[in-house]
Amino acid sequence: MSADDEDEASPGGRRLIGLGLALLLALGLVVALSPALFDRLRQSAALVGGDVIEPHFALTDSSGRIVSEADFRGRFVLLLFGYTACADICPTSLAIVAGALDRLPSEQAARIVPIFVTLDPERDDPLTASRYAAAFSPRLIGLGGTVAQIDAALRSFRVYRARVPGSAPDLYTLDHSALLYLVDPEGRFRATFDPGQGAPALVEGLAQAVR
C-alpha cells in the first residue's frame, strides 16, 4: 500500500474525503450519489419499523455541559446520528441538512435546531463531534458523551448501529441507520426524513412540519 493509500485508509483521510464531498454539496454543486450509497440511505427508512419512538437524550456538548431535549422546548429539533470517520453517508447527510436549512425561509429555519450526535464515543469526544458538525454549518450542534449516554439515546430513537471490523483495531466502520429525526417544540417525536431524497425534499418536509 502506498503512502497516499494509507492516508486515505486512515480515519483522518476518510474524514477529509467525506468533508470534501459534503462541502461540494453544500455549495450547491451537482454531485451524483452512487447507486449503492443512495440505496443505503433509502433502506434506512425501514429501520424504525413499527417501533414507537420516545425522544430522549442526555448528551454532552463541547463545553462539557449535559444537554437534553428539554433544553430545546419551544423549538423543533432535527437529529442526525453519525460519526466523524464516516466516509460517505454522514457527510452527505450533514451537507443535505445544511443546504436544506439555508433554503428554508429564515423564520422557519430559526425554529429548527439541527443536532449531530456521534455514534462513536470511542473515537469522537464531544469537542470532536462539535467541530465536525460546525464544518458543515454554524447552525449545527455536535453532541457526544459516554458509551452509556449514547447507547441510551440510540435506544430512545430506535437507531441501528453495528460495528464492522477493519484492517486495524482503530479502523473499524459503523453500519447505522441514516434517518433524520424531528422532535416538536413539546418534545414529542414528529417525523423521520430520508436524506437520500435530497435537500429539496427535506426543505418541503420541514416546511410542512414547522408551518
Side-chain angles (χ1 to χ4, degrees), residues 22 25-26 41-42 44-63 65-83 89-119 126 129-145 149-150 152-160 176-211:
L25 285 166
L41 289 166
R42 291 294 302 274
S44 69
L47 292 175
V48 289
D51 290 335
V52 175
I53 294 177
E54 298 178 357
H56 173 69
F57 59 88
L59 299 165
T60 307
D61 68 13
S62 60
S63 69
R65 184 174 69 96
I66 299 297
V67 176
S68 78
E69 76 287 346
D71 291 298
F72 304 102
R73 289 289 188 270
R75 300 174 71 187
F76 288 87
V77 177
L78 183 67
L79 292 103
L80 182 155
F81 294 84
Y83 65 112
I89 288 178
C90 303
T92 300
S93 297
L94 282 164
I96 288 169
V97 168
L101 292 173
D102 285 342
R103 296 183 194 184
L104 278 171
S106 58
E107 64 275 10
Q108 291 183 338
R111 299 181 64 198
I112 301 171
V113 180
I115 296 178
F116 168 76
V117 178
T118 181
L119 295 156
S130 177
R131 288 174 173 170
Y132 181 74
F136 294 89
S137 171
R139 301 175 190 262
L140 275 157
I141 297 172
L143 298 178
Q149 287 173 328
I150 290 173
L154 301 187
R155 287 193 300 270
S156 178
F157 285 87
R158 306 296 190 267
V159 174
Y160 164 79
H176 61 92
S177 48
L179 292 174
L180 309 175
Y181 301 81
L182 186 68
V183 178
D184 74 14
E186 286 72 47
R188 299 169 301 195
F189 169 69
R190 173 65 67 87
T192 57
F193 298 101
D194 176 5
Q197 295 179 349
L202 181 57
V203 169
E204 181 179 357
L206 290 174
Q208 291 177 354
V210 306
R211 188 168 296 142

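Since we're looking at a predicted model, the values are computed, not measured.
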- Query: Does atom CZ of Arg131 have more than 12 heavy-atom neighbours, drawn from other residues, nucleotides or ligands, at distances under 6.0 Å?
  - Reply: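 Result for CZ/Arg131: open.
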- Tell me whether the centres of the aromatic rings in Phe76 and Phe72 are closer together than 6.0 Å.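 They do not qualify: ring centres at least 6.0 Å apart.
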Atom pair [atom1] ([X]) and [atom2] ([Y]), whose distance is rounded to the nearest 0.5 Å:
| X | Y | atom1 | atom2 | answer |
| --- | --- | --- | --- | --- |
| Phe157 | Glu69 | CZ | CD | 7.0 Å |
| Ser137 | Leu94 | OG | CG | 9.5 Å |
| Ser68 | Gln149 | OG | CD | 11.5 Å |
| Gln108 | Arg211 | CD | CZ | 6.5 Å |
| Ile89 | His176 | CD1 | NE2 | 5.5 Å |
| Arg111 | Asp184 | CZ | CG | 10.0 Å |

Using modelled atom types and a 3.5 Å cut-off, is there a donor and acceptor pairing between side-chain atoms of [X] and backbone atoms of [Y]?
| X | Y | value |
| --- | --- | --- |
| Arg75 | Asp71 | no |
| Ser130 | Pro126 | no |
| Ser156 | His56 | yes |
| Arg139 | Pro114 | no |
| Arg103 | Ala199 | no |

- Which is it for Ile66 and Leu59 under the side-chain contact (heavy atoms from CB on, under 4.5 Å) test, yes or no, and what are the steps along the way? CA-CA 5 Å; Ile66 299 297; Leu59 299 165; over 6 Å; no
State, yes or no, whether a side-chain contact exists between [X] and [Y] at a heavy-atom distance under 4.5 Å.
| X | Y | result |
| --- | --- | --- |
| Leu104 | Ile112 | yes |
| Phe193 | Leu78 | yes |
| Leu202 | Gln197 | no |
| Leu79 | Val117 | yes |

- Item | Criterion side-chain contact (heavy atoms from CB on, under 4.5 Å) on Thr60 and Leu143, from CA distance to verdict | CA-CA 6 Å; Thr60 307; Leu143 298 178; over 6 Å; no
- In terms of the angle between their ring planes, are Phe81 and Tyr181 parallel, tilted or perpendicular, with boundaries placed at 30° and 60°?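 Judged by the thresholds at 30° and 60°, the geometry between Phe81 and Tyr181 is perpendicular.
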For residues [X] and [Y], report the shortest heavy-atom separation together with the two atoms involved.
| X | Y | answer |
| --- | --- | --- |
| Phe116 | Ala129 | CD2-O, 3.9 Å |
| Phe136 | Tyr132 | CD1-O, 3.2 Å |
| Pro55 | Val183 | CB-CG2, 3.7 Å |

- Ser177 and side-chain contact (heavy atoms from CB on, under 4.5 Å): which partner among Leu154, Thr192, Val159?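 Going through Leu154, Thr192, Val159 one by one, the side-chain contact (heavy atoms from CB on, under 4.5 Å) with Ser177 is satisfied by Val159 alone.
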- Query: Among all residues two or more places apart in sequence or in another chain, which pass the ring-ring contact (aromatic ring centres under 6.0 Å, His included) test with Phe57?
  - Reply: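 For Phe57, no residue satisfies ring-ring contact (aromatic ring centres under 6.0 Å, His included) once neighbours in sequence are set aside.
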- Does the side-chain contact (heavy atoms from CB on, under 4.5 Å) test come out yes or no for Leu182 and Leu180, once each step is laid out? CA-CA 7 Å; Leu182 186 68; Leu180 309 175; over 6 Å; no
